[in-house]
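What follows is a set of notes on a single structure, which appears directly below.
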Amino acid sequence: MNKKLQLPLQTANLVVGFMVWVLISSLLPFIREDIAIPAEKLAIVTAVPVVLGSILRIPLGYYANIFGARIIFFVSFILLLFPVFYISAASTFADLIVGGTFLGIGGAVFSVGVTSLPKYYPKEKHGLVNGIYGMGNMGTAISTFAAPVIATQVGWSMTVKFYLVLLLIFAALNFIFGDKQEVKVKTPILEQIKGVYKNEKLWFFSLFYFITFGSFVAFTIFLPNFLVTYFELEKVDAGMRTAGFIAVATFLRPVGGWLADKFQPLFLLMGVFAGLTFAAIILAFSPTIALYTAGSMLIAVAAGIGNGVIFKLVPFYFNKQAGIANGIVSMMGGLGGFFPPLLLSIIHSMTGSYSIGFMAFSQVALASLVLVIWLYYMDRLSMSAEVFNSTGQGILVTDASGTIQSVNPAFTRLTGYTEEVIGSNPNMYSSGRHSKEFYTSMWSQIGQDGLWQGEIWNKRKNGEEYLELLSISAVKDGSGDVTRYVGTFSDITPRG
């Protein structure tokens, strides 16, 4: 029963963590009425929690494997009490920076659940499970919507103090209902890092999550203030619109995970980055709130699905190093939320327009689309290579003139010849038992049908003759010309 509680409990933990993470950006319009914050430093205040929230995801993901999610969530919520209380009494810009930095712990807890929860479910459900957990992103929507509403009644300082009660409640819930028997993985952190850092897929997934989750976080912290200053909306109205953006992206996250369980994840990512590219172009040229809303909603749809898809891919490719891989990928996603608001602010201060920033985002999304397509075809080639190298049948590939181009390990095991045969002709290991007419008939059939299969005597490197069942296929290009021949064979020499 305790194990069944982990998905809802850890998802609720993430909701609370994210509520705290965006506390300052949610209340910034109110805080600015009491604390003087220069316009050029607004983006820094909102982005600072993202930095620690991103970097801490690596150690939290790792230690979730060492100590279990129960302990890490409990300790994280206790530690968050200090910066939340500090911010409630803030009176200067420096106070917000100091307190905001340590609010990052709330965003860092993301890597705890994506490391812990897959242990409770079979691999074919990891996309859906991590997608459901990722719905904890809704915490940003709750804070963005509810915090301004409460602040209009009791003030922003008292609103912040309400979060202290919430943190204490969830620290207690984790202590009581967290799984004490969670499977622990105690591989040293350096060993885990060595196991993943040379795998290019880790860095591709990090880049993709940098874009998808980064766009989600960036819009979450960018929209409230932008809608108030650029479109002159009321603060509560801006909060509700931002909450709508967050809700769409959050609810589509498990949909993305579920789709990735059913279909080819890389195909889905192609659609995600195509959508982000188109949406960013809309935002670059949108003069009205209606078009801006449409572009933002398309960002929410693509980012939500993309976030779910990526966290199907990470445990699939990095099952034994899930903690550290989840930490690195989710860290890059968090940092993806740090840079766009800063860049948009810098570009706006230099040009007076946000269009150039959105157009730059569209180009990054387009480049990611190209990389996903490339990765898909590289994956196909890698799969072909794995089949080529692991099959039990000997395989020999020649060019159209009959010169050997490649052999597999089974070829070496069956014949004794290594890659030394590359560049030679297959007749080098002919047994001499067959007549010239035999080979003429064989190649005549290959020329006519593109295929020959039969029994043939050949000779190993040590001179021993053996009988093999051989198939030779002609591989042709689009114009019908033969480009190579592929021979597959197995040893059928009579024993005894």
Side-chain angles (χ1 to χ4, degrees), residues 14-15 18-19 21-29 42-43 46-47 49-50 53 107 110 131 134-149 209-256 272-273 275-286 288-309 333-334 336-341 343-345 354 357-358 361-362 365:
L14 188 61
V15 171
F18 271 49
M19 285 177 67
W21 196 25
V22 297
L23 188 55
I24 290 179
S25 62
S26 300
L27 292 170
L28 193 57
L42 280 175
T46 56
V50 178
F110 173 81
M135 288 180 69
N137 289 352
M138 182 56 69
T140 57
I142 294 171
S143 270
T144 305
F145 170 71
V149 174
Y209 199 57
F210 182 91
I211 305 300
T212 59
F213 186 72
S215 60
F216 168 76
V217 175
F219 272 73
T220 297
I221 64 179
F222 171 76
L223 280 176
N225 201 58
F226 173 78
L227 293 173
V228 170
T229 56
Y230 190 78
F231 288 110
E232 298 180 350
L233 300 181
E234 293 296 323
K235 287 179 283 192
V236 174
D237 184 16
M240 290 181 68
R241 288 174 183 266
T242 305
F245 170 89
I246 296 167
V248 171
T250 300
F251 282 117
L252 284 175
R253 184 166 186 146
V255 174
V272 164
F273 287 115
L276 288 175
T277 302
F278 182 63
I281 292 172
I282 292 175
L283 293 176
F285 294 102
S286 60
T288 66
I289 186 69
L291 275 175
Y292 196 87
T293 300
S296 296
M297 285 298 103
L298 185 52
I299 293 276
V301 170
I305 292 175
N307 291 336
V309 171
F338 175 73
F339 292 104
L343 290 174
L344 282 170
S345 297
Y354 290 105
F358 288 127
F361 175 62
S362 75

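Positions are given from 1 along the sequence.
- Under the side-chain hydrogen bond (donor to acceptor under 3.5 Å, both in side chains) criterion, T140 pairs with no residue at all, not counting sequence neighbours.
- One finds the CD1 atom of I282 at 11.5 Å from the OG1 atom of T293 (value rounded to the nearest 0.5 Å).
- Note: F216 and F213 have tilted aromatic rings, judged against thresholds of 30 and 60 degrees for the angle between ring planes.
- Across all their heavy atoms, S26 and P148 have their closest contact at O-CG, 3.6 Å.
- Enclosure of atom CE in M297 by more than 12 non-hydrogen atoms of other residues, nucleotides or ligands within 6.0 angstrom is indicated.
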Show, in sequence, the C-alpha distance, side-chain angles and deciding distance for I305 and T212, and conclude whether the side-chain contact (heavy atoms from CB on, under 4.5 Å) test is met. CA-CA 9 Å; I305 292 175; T212 59; over 6 Å; no
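- Across all non-hydrogen atoms, the minimal contact from F219 to S296 is CE2-OG, 4.0 Å.
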Could you walk me through whether F18 and L14 pass side-chain contact (heavy atoms from CB on, under 4.5 Å), step by step? CA-CA 6 Å; F18 271 49; L14 188 61; 3.3 Å; yes
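- R241 approaches I289 most closely through the heavy-atom pair NH1-CG1, 4.0 Å.
- The nearest pair of heavy atoms linking R253 to M135 is CD-N, 4.4 Å.
- Remark: S143 engages Y163 in a side-chain hydrogen bond (donor to acceptor under 3.5 Å, both in side chains) (not counting sequence neighbours).
- Among all heavy-atom pairs drawn from L276 and A303, the shortest one is CD2-N, 4.3 Å.
- Contact check for I281 versus F285: side-chain heavy atoms found under the 4.5 Å cut-off.
- Ring-centre distance between F361 and F358: not below the 6.0 Å cut-off.
- Here the closest heavy-atom approach between residue F278 and residue L298 is recorded as CD2-CD2, 3.5 Å.
- Shown here are the ring pair (Phe, Tyr, Trp, His ring centres under 6.0 Å) partners of F273, two or more places apart in sequence or in another chain: F208.
- Rounding to the nearest 0.5 Å places OG1 of T250 at 4.5 Å from CE of M138.
- Expressed to the nearest 0.5 Å, how far CD1 of I299 lies from CG of L283 amounts to 5.5 Å.
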